[in-house]
2 protein chains.
Amino acid sequence: MSDDTIKIMIIDDHPIVRKGLHLVIKAQGDMEVIGEAGSVREGITIVQEKKPDLIILDLTLPDCSGIEFIKKIKQLSPQVKILVLTIHEEEDYIQKVLLEGANGYLLKKAADDELILAIRAIMRGEMVVDSSMTKKLWQRYLQPAEKTQKSKAKDMLSKRQKEILILVARGFTDKQIAEKIHVSVKTVESHKARIKEKLDIVHRSEFVEYALEHNLLDLHG
Amino acid sequence: MSDDTIKIMIIDDHPIVRKGLHLVIKAQGDMEVIGEAGSVREGITIVQEKKPDLIILDLTLPDCSGIEFIKKIKQLSPQVKILVLTIHEEEDYIQKVLLEGANGYLLKKAADDELILAIRAIMRGEMVVDSSMTKKLWQRYLQPAEKTQKSKAKDMLSKRQKEILILVARGFTDKQIAEKIHVSVKTVESHKARIKEKLDIVHRSEFVEYALEHNLLDLHG
DNA sequence: ATCCCATGTCGGGAATTACCTGGCAGGAAA
DNA sequence: TTTCCTGCCAGGTAATTCCCGACATGGGAT
């Protein structure tokens, strides 16, 4: 801790990517990879043991979402810097990630020297966001309440509503949904009605569109 | 060409992954990376100039599908080996890729020494498939006609049927679809009925499921 | 040449589903 | 405490989908 070597830890479920990052970092004189992990479980253990200065984190981990991980890490050791490195260009992710306390958000399509620059910037206390994402960020924040509210609507939907939104988008009828969640068809209908009101939508296809845009579908039960 | 160094080219749109691969390969004594590209256009040019022995190819490229690329390369220089390295675990991909003449299919979650082993195996003339995919392959080929036909059904669906399948999955009503493609509601209905028969499905949700499994949705018009 | 069959195009009428209006209870927020 | 939001539910009506058909066309097999 006394020397100024930056202790870095890599969490990514693709060994090849880990290796690449490892080698890129090792090529720098003042950085050192002190741990690698392919899952959240491993990750947390190693973080506690090795106490890295900075964690390079891929969001799509097998056991749980990277966002949960950020939350946990920031609880355990708030001083550790987190650089998210991902393929996701969706706006939702970056907002959540930054709100959870990540210090940087870089896309995997970034060049490797961008990564090094980002690490140094973060260690100086700056926040780094991939340039191709900043445009989207600006759009989001410069937009007046109107659309912004809709964008935030996912968070405004209750758990139940989000649940039903997804089931509708997956093509289930109200009846099927009612059976799935053990309520009457009428209840499902009124939930749907309120979702429609909130999101200002009319057609079923807009449920799908919304779910698609917010990555609520993606192959699973 | 006279010495036995394996000349490798990397095509992947993530520079960090490229770097990683590059460094992993360079660490071997008998391999050399003679070119990198982040897109198909670049890729083809470099292949023609540098004449690599083996191409490591990511399927998700910005300008066009990796499958098209394989086709082109195999036309231009049939002797070049192609190792597909991807995150896609879907069965569809691997089948197409191998049919197009790829010599290997590895997932990015593979370890880096697996990659090296794969390269050597391919250069010996073997075919390499990621172990986590082989199970799926077996399932596919061991299954009697019944389900296999369903798997192949996507190709068996007519253009019109596929078009309608997607629209249904996107949540449009028959009426809306009819307007979109300028036919009567009744026509849409009979198309749907025939799709259902072919795919042996009953509910709308199965349209969505099918479309999701076959990557027919993914954010676009 | 002829038959077969998948495809693309339609209807009528029945069955199912979704929508609108309205109500009620409980909890959180103001 | 009052208001707002949520989750729950019904009746009646409108819309959608399903199940029976139909017919013309064009490619493949016999």
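Naming: A, B, ... by sequence-line order, numbering from 1 per chain.
Listed by chain and number, the residues in a salt bridge (Lys or Arg N to Asp or Glu O under 4.0 Å) with B:E206 amount to none (sequence neighbours excluded).
In the set D:dG7, C:dT7, C:dA18, D:dG7 carries the atom at the smallest distance from any side-chain atom of A:R160.
For A:K159 and D:dG7, the shortest distance from a side-chain N or O to OP1 or OP2 is not below 4.0 Å. Here A:K198 does not reach the OP1 or OP2 of D:dC5: none of its side-chain N or O atoms lies under 4.0 Å away. Look at A:R204 and you won't find any side-chain N or O under 4.0 angstrom from OP1 or OP2 of C:dC19. Proximity of B:T173 to the phosphate of D:dA15: no side-chain N or O atom is located under 4.0 Å from OP1 or OP2.
Protein atom NZ of A:K162 is 13 Å distant from nucleotide atom P of D:dT6, rounded to whole Å. Distance B:H203 NE2 to C:dA18 P: 12 Å, rounded to the nearest Å. Atom CD1 of B:I177 is separated from atom P of D:dC18 by 11 Å (rounded to the nearest Å). As a whole-Å value, the separation of B:I201 CD1 from D:dT17 P is 14 Å. One interatomic measurement links the two molecules: NZ of A:K196 to P of D:dA15, which rounds to 13 Å at whole-angstrom precision. As rounded to whole Å, 18 Å separates atom P of C:dA6 from atom CD1 of B:I164. Between the CD1 atom of B:I195 and the C1' atom of D:dT17 there is a distance of 14 Å, rounded to whole Å. Rounded to whole Å, the distance from NZ on A:K175 to P on C:dC19 is 16 Å.
Within 6.0 Å of CD on B:E197 lie no more than 12 heavy atoms contributed by other residues, nucleotides or ligands. The local environment of CD in B:E49 is crowded, with over 12 non-hydrogen atoms from other residues, nucleotides or ligands closer than 6.0 Å.
Checking each of B:E179, B:Q176, B:K175 against B:V185 for a side chain to side chain contact (heavy atoms under 4.5 Å, CB included) leaves exactly one that passes, namely B:K175.
For the atom pair CG (B:L21) and CZ (B:R18), the distance works out to 10.0 Å, reported to the nearest 0.5 Å. In this structure, CD1 in A:I46 is found 4.5 Å from CE in A:M9, a value given to the nearest 0.5 Å.
Near-neighbour residues of DNA chain D inside residues 184-194 of chain A, defined by a heavy atom below 4.0 Å, number-ordered: A:S184, A:K186, A:T187, A:S190, A:H191, A:R194.
Between B:H182 and A:F172, it is B:H182 whose nearest contact on DNA chain C lies nearer the 5' terminus.
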Under the salt bridge (Lys or Arg N to Asp or Glu O under 4.0 Å) criterion, do B:K186 and B:E189 qualify, and how do the steps go?
CA-CA 5 Å; B:K186 291 304 181 179; B:E189 284 174 3; 3.5 Å; yes

